[in-house]
Amino acid sequence: MATLELRNVTKKFKSDIVLDDINLEIAKGELGVLVGPSGCGKSTLLRMIAGLEPITSGDIKLNNKVINKKEPKDRDIAMVFQNYALYPHMTVFENMAYGLRIQKYKKAEILKRVDKAAEILELSSYLYKTPGELSGGQRQRVAMGRAIVRQPAVFLFDEPLSNLDSHLKVQMRREIKRLHRELGVTILYVTHDQTEAMTLAEKLIVFNKGRIEQISSPIGIYENPASIFVGSFIGYPSMNFLKGKIKNNKFVISDNELLDVNAETSNSVEDVVIGFRPENIYLNNDDYINENSLKLKVDEIELLGSDVLIYTNVEGVLENNKIILRMHKLLDLKYQDIISVNIPKKHIHIFDTNTGKSI
Amino acid sequence: MKYDLFKNFFIHVLLILCILIIVFPLYIAIVASTHTAEALLNAPLPLLPGSEGLNNYTILLTKGAEVTGGQPLLPMLYNSFKLAMIVSLGKIFVSILSAFAFVYFKFPLRKFFFWLVFATLMLPIEVRILPTFQVVSTLGLMNSFSALCLPLIASATATFLFRQFFLTIPYALADAARMDGATPWRFFKDIILPLSRMNIVALFIIMFIYGWNQYLWPIVALTDSEMSTILIGISQLMSVADQIPQWNFVMGSAILAMLIPVVIIISLEKWFEKGLVR
């Protein structure tokens with residue numbers, strides 16, 4: 001049974017459709033991550049679930065009850081905001097207790113809950129400081145504490161780590177994962193950072209232009225992107241794309257038969273885009289030539305430490321010919337060198353040029 | 001080191017000069033208020049305090065100078081204080097609530113009303129004094145304390161300043177408070193009010209002095225001398241018919257009129273500075 005369920009949720013601002021027919025389920029105890037570029041409507045969706053923004057049509061259900069019209073406080077949902085939104089004049093304790101105090105909980109109960117949350121978040125020694133005296137990571141933890149003390153059915157996180165530096169980001173990411181594991185809570189998490197999304201998610205929801213592009217496990221999305229957008233948005237460096245045609249199971253760019261592909265639908269599909277990940281390109285040995293080979297001209301080499309990125313152009317193709325390779329060891333390559341690589345058929349994804357969808 | 005010494009010296013000379021320019025007239029006023037009227041009319045003007053100080057102030061506060069019909073200043077000081085207090089607190093009360101409405105509530109014609117308020121910023125009291133007079137007299141309030149205070153209480157400046165301050169408070173705080181279950185009133189009381197306390201103090205000081213310095217409107221609105229304010233008192237002392245003004249009393253009343261605003265500013269100074277900086 002889904003704890004949180006969205007059915008045909010649509011949002012319009014005047015005549016602009018911001019969110020178009022969203023259907024989504026988050027199971028009890030699941031960590032769902034909504035990922036998409038900025039301005040794609042993901043934060044609006046979160047605010048609608050929280051009750052801060054009215055919905056135009058559709059239903060939001062929590063434990064099978066429609067909560068569309070309920071006030072935010074009656075929804076049994078807590079939210080962690082991007083800028084923490086801590087009350088600057090209150091201490092950490094007061095910040096966490098404020099909601100409970102308004103709901104008229106008993107003093108002893110408030111104390112118990114705040115103490116427990118502070119202990120989980122390692123904030124016990126900061127309870128009587130104000131947010132101004134805390135570091136970014138600590139403030140973030142207070143914001144989470146404020147959500148935890150309410151013991152809600154669902155936690156909403158709105159880009160909670162985007163204001164932290166990259167080191168702290170990784171640390172807090174693990175902290176959120178730990179919290180999720182220890183408390184077993186249901187979380188819907190919004191981010192524009194695909195690394196954050198991949199590492200955190202149990203269920204990954206890729207969002208673009210107010211629509212859901214794909215829902216799957218992170219690895220499912222990585223290995224089988226449903227559209228060009230998903231392929232390019234998830235994974236860094238991004239998936240390589242080549243524009244061409246398919247004739248008799250071969251991928252063709254202007255009469256150059258380049259690669260064998262598994263075109264299941266028909267033998268001759270016009271206008272396709274093929275995509276393959278930078279790490280799924282293998283160098284050919286000099287001794288023998290693998291099938292499905294491609295000749296590439298080296299343009300630029302970037303050393304990342306553990307990996308090497310090689311920027312290349314496909315030989316004999318003039319436009320849309322850029323390909324990035326990811327290798328694990330530094331090769332003896334120079335600018336303008338020609339290399340021969342192969343791309344296994346199973347790693348090549350085929351997309352429709354017009355719809356962008358996977359074929 | 002040498003350079004610093006020279007710079008310090010130069011800065012100090014400049015500062016002392018500035019202070020002298022500001023303080024000298026004040027000093028003359030204080031000195032003048034401690035002499036007899038005759039002493040001030042003869043050259044040279046005394047530059048050192050005289051012996052009539054206590055006597056002058058006692059007369060001013062309790063009986064009033066005879067030439068003006070013997071109006072004591074103490075009730076006038078009280079009236080001015082009452083006026084300034086009611087006007088400044090009233091302004092803060094009205095404007096903080098209207099700014100709260102402008103920033104945190106959506107209602108029809110919100111923009112229009114805001115610009116309406118904003119437009120009145122550009123109209124000084126002098127411009128709208130006739131219509132105000134008309135309204136107040138139609139309401140039958142003339143020559144009452146309400147007539148004195150009410151028209152001064154509405155404040156576009158304060159509304160505008162509070163609105164600007166509220167806009168600097170992250171809107172997410174309002175969202176967070178809603179998630180916490182706070183009603184708009186609780187949000188105002190628990191979050192907006194404590195956060196604006198510095199601005200409130202700063203505005204209070206500015207508005208108190210504004211209220212204290214009101215001259216034109218009290219003259220227009222009041223005919224009853226019992227309600228007249230200290231500024232009216234000073235002007236009465238200065239413009240006596242067929243008489244040479246008694247400068248010792250004029251200066252003395254000016255010093256008295258200055259005293260209360262100075263006390264207010266000094267006692268709230270710390271808050272005031274923070275309020276302006278933040």
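Residue numbering restarts at 1 for every chain, and letters A, B, ... go by the order of the sequence lines. These figures come from a predicted structure and were not determined experimentally.
- Below 30°, between 30° and 60°, or above 60°: for B:F114 and B:F102 the angle between ring planes is above 60°, a perpendicular geometry.
- When each of A:R146, A:R101, A:M90 is checked for heavy-atom pairs under 4.5 Å with chain B, A:R146 comes out on top.
- For A:F155 and A:Y189, the gap between ring centers reaches or exceeds 6.0 Å.
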| query | Does the side-chain contact (heavy atoms from CB on, under 4.5 Å) test come out yes or no for B:W212 and B:F81, once each step is laid out? | reply | CA-CA 7 Å; B:W212 185 266; B:F81 183 73; 4.1 Å; yes
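- Of the inter-residue distances, the one linking A:S162 atom OG with A:N83 atom CG reads 7.0 Å to the nearest 0.5 angstrom.
- In summary, the aromatic rings of B:F188 and B:Y104 are positioned with their centroids too far apart to meet the 6.0 Å limit.
- At a 4.5 Å heavy-atom cutoff, the contact between A:R150 and chain B is made by side-chain atoms alone.
- No part of B:A174 comes within reach of chain A, as not one of its non-hydrogen atoms sits under 4.5 angstrom from that chain.
- Both the backbone and the side chain of A:Y87 come within contact range of chain B, with heavy atoms under 4.5 Å apart.
- Only the backbone of A:A78 comes within contact range of chain B, judged by heavy atoms closer than 4.5 Å.
- If you measure heavy-atom distances from A:L86 to chain B, the contacts under 4.5 Å come from the backbone alone.
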